[in-house]
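Note that the coordinates shown come from a computational prediction; the quantities given were computed from them, not determined experimentally. The figures that follow rest on heavy atoms only: side chains count, while hydrogens, waters and symmetry mates do not.
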Amino acid sequence: MTTTTVSSAMTTTTASTAPAVVHVAHAGDWVAVCGPDVLSAGRGAAVLLPDGEQAALFMDRSGTVYAIGNRDPFTGAYVLSRGLLGSAAGRPFVASPLLKQRFDLATGACLDDDEVSVPVYAVRVE
């Protein structure tokens with residue numbers, strides 16, 4: 001059996017005089033959510049999507065931007081954007097600021113409970 005993993009964390013830049021914009025894939029379209037200057041390495045930002053859902057955006061120290069659901073599935077609170085970034089086995093994660101469960105930023109999988117995950121959104125910067 002062959003398994004193909006597609007990373008949802010994509011950073012694309014284009015040569016243009018227009019300012020860059022971070023887009024999140026949502027409901028079959030790309031939604032402009034902010035400028036990359038809003039993001040700081042190691043810190044999150046919450047964005048409101050058109051259907052009322054929230055995403056948590058993160059930029060790691062290499063400049064890669066990730067987007068996952070902002071709702072902590074263990075508490076129901078929309079706080080993952082306030083979590084602490086780290087890495088385990090070379091994989092970036094965010095730890096919930098409430099109960100400290102860790103979520104893989106590329107897959108949304110909870111590293112502390114195999115039965116739990118959060119949504120992951122593809123990201124592009126152009």
Side-chain angles (χ1 to χ4, degrees):
M1 179 163 104
T2 302
T3 302
T4 303
T5 303
V6 178
S7 174
S8 64
M10 298 181 291
T11 303
T12 307
T13 56
T14 58
S16 173
T17 57
V21 176
V22 177
H23 294 86
V24 173
H26 181 68
D29 202 3
W30 289 98
V31 179
V33 293
C34 67
D37 56 325
V38 171
L39 303 175
S40 299
R43 302 187 78 168
V47 297
L48 186 61
L49 299 173
D51 64 356
E53 284 298 313
Q54 293 182 26
L57 297 179
F58 299 95
M59 183 172 61
D60 66 15
R61 297 200 190 308
S62 71
T64 302
V65 178
Y66 300 89
I68 62 171
N70 194 33
R71 183 179 176 274
D72 180 336
F74 291 95
T75 65
Y78 290 84
V79 295
L80 292 182
S81 63
R82 295 176 166 191
L84 298 174
L85 293 184
S87 65
R91 302 289 308 220
F93 69 80
V94 63
S96 173
L98 298 177
L99 301 176
K100 309 302 184 235
Q101 283 89 358
R102 300 168 300 153
F103 297 92
D104 186 307
L105 292 177
T107 67
C110 180
L111 302 178
D112 304 301
D113 185 336
D114 293 338
E115 302 293 317
V116 179
S117 65
V118 295
V120 176
Y121 302 95
V123 175
R124 70 181 186 194
V125 180
E126 40 179 41

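- Applying the salt bridge (charged side-chain N to carboxylate O under 4.0 Å, His left out) criterion to D104, with sequence neighbours excluded, gives R91.
- When all heavy atoms of L48 and Q54 are compared, the closest pair comes out as CD1-CG, 4.2 Å.
- Residues passing the salt bridge (charged side-chain N to carboxylate O under 4.0 Å, His left out) test with R82: none are found, sequence neighbours excluded.
- Across all non-hydrogen atoms, the minimal contact from V120 to L105 is CG1-O, 4.3 Å.
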In residues 31-46, what donor-acceptor pairs under 3.5 Å come from side-chain atoms, sequence neighbours left out?
none

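- Shown here are the side chain to side chain donor-acceptor pair (under 3.5 Å) partners of D113, two or more places apart in sequence or in another chain: there are none.
- With hydrogens and angles disregarded, no donor-acceptor distance shorter than 3.5 Å links the side chain of D72 to the backbone of L80.
- With contacts defined as side-chain heavy-atom distances shorter than 4.5 Å, the pair H26/D51 qualifies.
- Nearest approach of V123 to A67, heavy atoms of both residues: CG2-CB, 3.4 Å.
- Ring orientation note: the planes of W30 and H23 are nearly perpendicular, at an angle over 60° on the 30°/60° scale.
- For the residue pair S81 and N70, the shortest heavy atom distance occurs at N-OD1, 2.7 Å.
- Linking ILVMFWY residues whenever their side-chain heavy atoms come closer than 4.5 Å, directly or via other members, places V79 and V118 in the same cluster.
- Partners of D114 by side-chain contact (heavy atoms from CB on, under 4.5 Å), not counting sequence neighbours: none found.
- Connectivity analysis of hydrophobic side chains (ILVMFWY, heavy atoms under 4.5 Å, direct or indirect) links F93 to L111.
- In terms of heavy-atom proximity, Q101 sits nearest to C110 at CB-SG, 4.0 Å.
- Residues L85 and Y78 are members of separate hydrophobic clusters, defined by side-chain heavy-atom contacts under 4.5 angstrom among Ile, Leu, Val, Met, Phe, Trp and Tyr.
- Of all the heavy atoms in P73 and S117, the pair that sits closest is CG-O, 4.2 Å.
- The shortest side-chain heavy-atom distance between P92 and Y66 falls under the 4.5 Å cut-off.
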Applying side chain to side chain contact (heavy atoms under 4.5 Å, CB included) to L98 and F74, what does each step give before you reach the verdict? CA-CA 9 Å; L98 298 177; F74 291 95; over 6 Å; no
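- To the nearest 0.5 Å, atom OG1 of residue T64 and atom CZ of residue F58 are 14.0 Å apart.
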